[in-house]
Protein chains: 2
Amino acid sequence: MDKSQPENLKNAGLKSTLPRLKILGLFESGQERHMSAEDVYKLLLSTGDDVGLATVYRVLTQFEHAGLLVRHNFEGGKSVFELNEGKHHDHIVCLQCGHVEEFYDTTIESRQKKVAAELGFEVHDHSLHIYADCTKTKCPHKPRNV
Amino acid sequence: MDKSQPENLKNAGLKSTLPRLKILGLFESGQERHMSAEDVYKLLLSTGDDVGLATVYRVLTQFEHAGLLVRHNFEGGKSVFELNEGKHHDHIVCLQCGHVEEFYDTTIESRQKKVAAELGFEVHDHSLHIYADCTKTKCPHKPRNV
DNA sequence: ATGAGTGCAAATTTTTTGCAGGCCT
DNA sequence: AGGCCTGCAAAAAATTTGCACTCAT
């Protein structure tokens, strides 16, 4: 977890470039675990790191293929990425604001496998998605950037 | 369940028109429970019922708002619709071909509520999504129409 | 130097919207 | 008749791709 970023990129067979280091750095900073391409792009702009949006998309996809990031398509239309830290977990997503929380529940895990088997499916490592609302009245999280 | 389609539309406050009847008919025929706008559009074309793609999108959205259909955004990018028959159920989706199966598991339901509550969420009626593979070797279902 | 990487603009894909004309009630 | 509906084309939103130029090794 303390491996320097250039090393991470090398191991992934990717050349160590500024855009890649910046983007990986954002995810490793832990500020925001789940980000869309647009989120990353705007964050970089806000810190003066001018990276093209197309490059953000390309790098995110490369990182996904390299196993550094995991891509999710939650309800809402845009792809969301998170650091691949090896430990399996599921996600619960707010339908109002898009906020994402992670969880791991052994009962759900085993039950999920059972249900899948009965229906002729085999669960591998993909996250299960629960969709809900942060609260019944008003959503405490930031409004979904649609 | 045997209510005539025009009646269903009337009850939803929608004028009974040919495109609407055709589209609702497709879902009620039970041939294919889960369809994207493109799926519906192509099916209608194949049966000689020429309906504009824009109309398909508009009608599907209207039906969703009227509570006749439910919209899902599974991994894969496109919205998928299914008839709203009132009975809650969850979905397991094949990551290879996009095939969808429905299920209902009381253990998962209760556990889902518990997990949500612990994380400050409230689950209403939205489907939970499990993502898996039809089989480990080759997918028996139709290839995903990407 | 040299091929991978980047930025910009144009192209794709999925979905929405404006507008003129057409069909329910 | 009057307005909701539809079709077509253009607009939007998210993502991908072509191309000339730049940077890492």
Side-chain angles (χ1 to χ4, degrees), chain A residues 4-25 34-45 48-66 68-69 71-81 98 143-146, chain B residues 4-24 34-45 48-66 68-69 71-81 98 144-146:
Chain A
S4 75
Q5 296 163 12
E7 194 172 320
N8 278 340
L9 291 178
K10 290 284 173 52
N11 294 340
L14 295 170
K15 214 170 266 184
S16 173
T17 66
L18 214 39
R20 285 175 180 162
L21 289 170
K22 291 291 184 186
I23 293 174
L24 187 52
H34 304 86
M35 290 184 281
S36 67
E38 194 71 28
D39 293 335
V40 170
Y41 177 65
K42 286 180 180 161
L43 263 178
L44 290 178
L45 284 194
D49 301 296
D50 291 321
V51 176
L53 180 55
T55 298
V56 172
Y57 274 105
R58 264 186 299 235
V59 169
L60 289 176
T61 300
Q62 289 162 348
F63 283 1
E64 180 197 7
H65 292 148
L68 293 173
L69 296 179
R71 177 197 301 256
H72 296 288
N73 283 287
F74 300 124
E75 302 271 348
K78 2 173 103 169
S79 285
V80 171
F81 298 80
R144 180 199 294 259
N145 51 331
V146 180
Chain B
S4 75
Q5 295 163 11
E7 194 172 320
N8 278 341
L9 290 178
K10 291 282 172 56
N11 295 340
L14 295 170
K15 217 170 266 185
S16 172
T17 66
L18 214 39
R20 285 174 181 163
L21 289 170
K22 291 290 183 187
I23 293 175
L24 187 51
H34 305 85
M35 290 183 282
S36 68
E38 193 72 28
D39 292 336
V40 170
Y41 177 66
K42 285 181 180 162
L43 262 178
L44 290 177
L45 284 193
D49 301 296
D50 290 321
V51 176
L53 180 56
T55 299
V56 171
Y57 273 105
R58 262 186 300 235
V59 170
L60 289 176
T61 300
Q62 289 162 347
F63 284 1
E64 181 197 8
H65 292 149
L68 293 173
L69 296 180
R71 179 197 300 255
H72 295 289
N73 284 288
F74 300 123
E75 303 272 348
K78 356 174 107 169
S79 284
V80 171
F81 298 81
R144 178 198 295 258
N145 51 331
V146 182

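Reminder, nothing fancy here: chain letters follow the sequence lines and each chain counts from 1.
- Between the side chain of R20(B) and the main chain of K15(B), a donor-acceptor pair closer than 3.5 Å is present.
- Distance K22(B) NZ to dC24(C) P: 13 Å, rounded to the nearest Å.
- Residue S36(A) places no side-chain N or O under 4.0 Å from the OP1 or OP2 atom of dA14(D).
- In this structure, E75(B) contributes its side chain and N73(A) its backbone to a donor-acceptor pair below 3.5 Å.
- We find the CG-CG distance between L68(B) and L24(B) to be 6.0 Å, quoted to the nearest 0.5 Å.
- Using a 4.0 Å cut-off, some side-chain N or O of T55(A) falls inside it from OP1 or OP2 of dG7(C).
- The shortest distance between the side-chain N/O atoms of Y57(A) and the OP1/OP2 oxygens of dT15(D) is below 4.0 Å.
- Closest contact between the side chain of A54(B) and the listed nucleotides dT17(C), dG3(C), dT17(D) involves dT17(C).
- Rounding to whole angstrom units, CG of residue L21(A) and C1' of dG5(C) are separated by 13 Å.
- S36(A) OG to F74(A) CZ: the interatomic distance, rounded to the nearest 0.5 Å, is 11.5 Å.
- Although no hydrogens or angles enter the test, the distance criterion places a donor-acceptor pair under 3.5 Å between the side chain of T61(A) and the main chain of Y57(A).
- Between F63(A) atom CZ and dG5(C) atom P there is a gap of 11 Å when expressed in whole angstrom units.
- Separating the CG atom of L14(A) from the C1' atom of dA24(D) is a distance of 13 Å, rounded to the nearest angstrom.
- When the nucleotides dG3(C), dT25(C), dG7(C) are ranked by their closest atom to the side chain of K15(B), dT25(C) comes out on top.
- Phosphate proximity of dT6(C) to T17(A): present, with a side-chain N or O under 4.0 Å from OP1 or OP2.
- With DNA chain D read from its 5' end, the first of the two nearest nucleotides for A37(A) and R58(A) is the one closest to A37(A).
- Distance, L60(A) CG to dG5(C) P: 15 Å, rounded to whole Å.
- Rounded to an integer number of Å, the gap from L18(A) CG to dA4(C) C1' is 16 Å.
- Contact between the side-chain N/O atoms of K78(A) and the OP1/OP2 oxygens of dA14(D) is found at a separation under 4.0 Å.
- Atom NZ of K10(B) and atom P of dC4(D) are 16 Å apart (whole Å).
- One atom, CG of L53(A), and another, C1' of dG5(C), lie 16 Å apart when rounded to the nearest Å.
- Looking at which nucleotide of DNA chain C each of S16(B) and V56(A) is closest to, the 5′-most match is held by V56(A).
- Residue T61(A) has its side chain nearest to dT16(D) when only dT16(D), dC24(C), dG7(D) are considered.
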